[in-house]
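Computed from a predicted structure; not experimentally measured. Worth knowing before you read on, the calculation uses all heavy atoms, side chains too, and leaves out hydrogens, waters and symmetry mates.
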Amino acid sequence: MKDITLKEIATKLGISITTVSKALKNYPDVSDKTKRAVIELAQKLHYTPNSFAVNLRTKESKTIGLIIPEVVHHFFSNVVNAIINEAEKNGYLVIILQSNETLALEKKQVELLINKRVDGIIMSLSNESNNDDHIKEIINRNIPFVMFDKIAKLSKCSKVIIDDQKAAFNAVQHLIDNGCKKIAHIRGPLNPQNSIDRYIGYKKALEKNNIPFDTKLVYTCENVTFEEGKNFAKQIINEHPDIDGVFAITDLVAVGTLAYFNENKVNVPEQVSVIGFSNWFMSQVLTPKLSTVDQPSHEMGIESFNLLLEEMNCHKEGIPFTPRTVELETRVIIRESSIKNKKN
């Protein structure tokens, strides 16, 4: 079925295209009788406005792009929901794309959003990405742009983050305060800034408490999965049977670690304490319940959209916008997996 045009409606009713356009927009200088006739015929013919033509006139698409590493992750799904809700309140639609943690796909998605002439872009970088050319292209084109969670520090755009170093430090300090003296860290890939910062926070906590840092106690994920958590838990116990604490980059990895320990009669927390990161809903239904760092995902989504909206409004009105960084607070959630000889 071909698209119906204003001209076809005008021809059928014997009126001008301008009158049809004004009637559909409820202009006061068009009679109610004409408006009713135009609207009834438009509905009968299933007329829809040409969004591309509207975009050219208004220089707005009323759409934004959102690129995330993965949709299934609890943290990202919460962020997505918050962004969609805020966008809808402000009359925007959200195009959601998943990079699958790959740079090549992320570049294609940025190109797609630029070609779609979205009004702004919100992004959490893939594990392979940094301040690459596609990121610079968004900024150079003056497209309103916000990064959240996984960011490139050198990119000149607004960002919504947490203090990953501080959050990781507090998580490891909690393990130390509860008697752990030999703590392994299952970290994320080498590139993402949040993975780097959580690793640094782990090291700083050891240093502050005069616990020697040992590179052999650090295990690096490639994809940050449940399976990697299980596999590294096996390695940790085999290579360091006297280990008494594990700090994992995310709850998903920590859950894999707990699964291996439970299946192989490694007592948590009496033998090994475990703490994760993100406060995934599954962390509360495990046995034992998982201690974690609460990452404010819903708030991060709201702040990301509002920062983007502010920049889009400045862009629309020709007002200069200075990018800024919003840092959200985190807290350690203490549960059964890290309290030795206690029940929470």
Side-chain angles (χ1 to χ4, degrees), residues 66-88 94 96 98-101 122 124 127 148-150 160-164 166-168 170-172 174-175 178 185-188 192 194-195 198 201 221 223-233 245-263 268-269 272-305 328-339 342-344:
L66 172 59
I67 302 176
I68 56 175
E70 51 184 338
V71 176
V72 294
H73 195 290
H74 171 68
F75 168 76
F76 287 115
S77 65
N78 279 349
V79 174
V80 169
N81 286 337
I83 290 173
I84 289 173
N85 289 339
E86 291 302 303
E88 188 177 1
V94 185
I96 304 168
Q98 177 175 299
S99 67
N100 292 331
E101 299 285 13
I122 300 174
S124 182
N127 285 337
F148 73 93
D149 186 45
K150 293 200 281 187
V160 182
I161 59 169
I162 61 170
D163 187 335
D164 281 288
K166 179 182 176 183
N170 290 340
V172 177
H174 165 67
L175 294 180
N178 282 275
H185 177 36
I186 305 177
R187 62 162 294 169
N194 63 352
S195 175
R198 291 176 199 179
C221 294
N223 300 303
V224 192
T225 63
F226 172 87
E227 289 75 19
E228 285 174 309
K230 285 192 76 171
N231 293 337
F232 284 137
V246 175
F247 167 49
I249 179 74
T250 67
D251 284 354
L252 183 60
V253 174
V255 169
T257 303
L258 277 180
Y260 177 82
F261 287 162
N262 287 339
E263 290 166 10
V268 178
V272 184
S273 292
V274 179
I275 191 164
F277 203 109
S278 76
N279 199 20
W280 184 28
F281 75 95
M282 281 296 292
S283 61
Q284 300 179 58
V285 299
L286 302 167
T287 302
K289 294 177 182 178
L290 179 66
S291 294
T292 185
V293 174
D294 183 43
Q295 197 174 3
S297 52
H298 185 78
E299 188 180 357
M300 187 167 279
I302 292 173
E303 291 289 347
S304 295
F305 178 80
L328 303 178
E329 290 295 318
T330 60
R331 62 194 176 101
V332 175
I333 305 291
I334 300 169
R335 299 194 181 106
E336 297 167 355
S337 70
S338 63
I339 303 294
K342 292 182 183 179
K343 291 291 179 184
N344 207 26

**Study point:** Distance, nearest 0.5 Å, that separates CG of Asp163 from CG of Leu328
**Key:** 11.0 Å
Study note, to complete from the structure: Gly229 and Ile186 have their tightest heavy-atom pair at O-CD1, 4.5 Å
Study note, to complete from the structure: For Arg335 and Asn279 the tightest heavy-atom approach is NH2-OD1, 3.0 Å
Check your understanding: With distance as the sole criterion, is a donor-acceptor pair present between the side chains of His174 and Asn178 under 3.5 Å?
Key -> yes
**Study point:** Contacts of Phe232 that satisfy ring-ring contact (aromatic ring centres under 6.0 Å, His included) - sequence neighbours left out
**Key:** Tyr219
Practice item. To the nearest 0.5 Å, tell me how far Asn194 CG sits from Arg187 CZ. Key: 10.0 Å
Point to revise | Minimal non-hydrogen separation, Phe277 against Ala168, with atom names | key: CE1-N, 4.1 Å
Check your understanding: Which heavy atom in Ile249 sits nearest to a heavy atom in Ser195, and how many Å separate them?
Key -> CD1-CA, 4.0 Å
Study note, to complete from the structure: d(Asp164 CG, Arg198 CZ) to nearest 0.5 Å is 4.5 Å
Practice item. Under the side chain to side chain contact (heavy atoms under 4.5 Å, CB included) rule, what do Asn262 and Thr287 come out as? Steps first, then yes or no, please. Key: CA-CA 9 Å; Asn262 287 339; Thr287 302; 5.5 Å; no
Throw together a table of side-chain donor-acceptor distances under 3.5 angstrom for residues 80-88, partners on residues two or more places apart or in other chains.
from: Asn81; atom 1: ND2; to: Ser77; atom 2: O; distance (Å): 3.3
from: Asn85; atom 1: ND2; to: Asn81; atom 2: O; distance (Å): 3.2
from: Glu86; atom 1: OE2; to: Lys89; atom 2: NZ; distance (Å): 3.0

Exercise for review: Check for a donor-acceptor pair, side chain of Glu101 on one end and backbone N or O of Pro69 on the other, with a separation under 3.5 Å.
Suggested key: no
Practice item. Dump the intermediate steps for side chain to side chain contact (heavy atoms under 4.5 Å, CB included) on Glu228 and Leu252, then the final yes or no. Key: CA-CA 9 Å; Glu228 285 174 309; Leu252 183 60; over 6 Å; no
Check your understanding: Has the side chain of Thr330 got a donor or acceptor atom that lies under 3.5 Å from a matching backbone atom of Gln295?
Key -> no
Review point. Hey, does Ser291 have a side-chain heavy atom less than 4.5 Å from the side chain of Val332?
Key: no
Revision key, fill the gap. Correct closest heavy-atom pair for Pro269 and Ile339 would be CG-O, 3.1 Å
Exercise for review: May I have the step-by-step check of side chain to side chain contact (heavy atoms under 4.5 Å, CB included) for Val79 and Ser304, ending in yes or no?
Suggested key: CA-CA 9 Å; Val79 174; Ser304 295; 5.5 Å; no
Point to revise | Spacing of Ile275 atom CD1 and Ile334 atom CD1 [to the nearest 0.5 Å] | key: 7.5 Å
Review point. Taking only residues two or more places apart in sequence, or in another chain, which ones meet Asp149 in a salt bridge (Lys or Arg N to Asp or Glu O under 4.0 Å)?
Key: none
Exercise for review: Looking only at non-hydrogen atoms, find the nearest pair between Ser338 and Leu175 and report the distance.
Suggested key: CB-CD2, 4.0 Å
Check your understanding: Rounded to the nearest 0.5 Å, how far apart are CE of Met300 and OG of Ser124?
Key -> 8.5 Å
Check your understanding: Within a strict 4.5 Å, meaning less than it, do heavy atoms of the Leu286 and Val255 side chains meet?
Key -> yes
Review point. Would a distance-only check, ignoring hydrogens and angles, find a side-chain to backbone donor-acceptor pair under 3.5 Å from Ser337 to Val274?
Key: yes
Review point. Does Asp251 use its side chain to pair, donor to acceptor, with the backbone of Trp280 at less than 3.5 Å?
Key: yes
Check your understanding: Which distance, rounded to the nearest 0.5 Å, do you find between the CZ of Phe148 and the CG of Leu66?
Key -> 5.5 Å
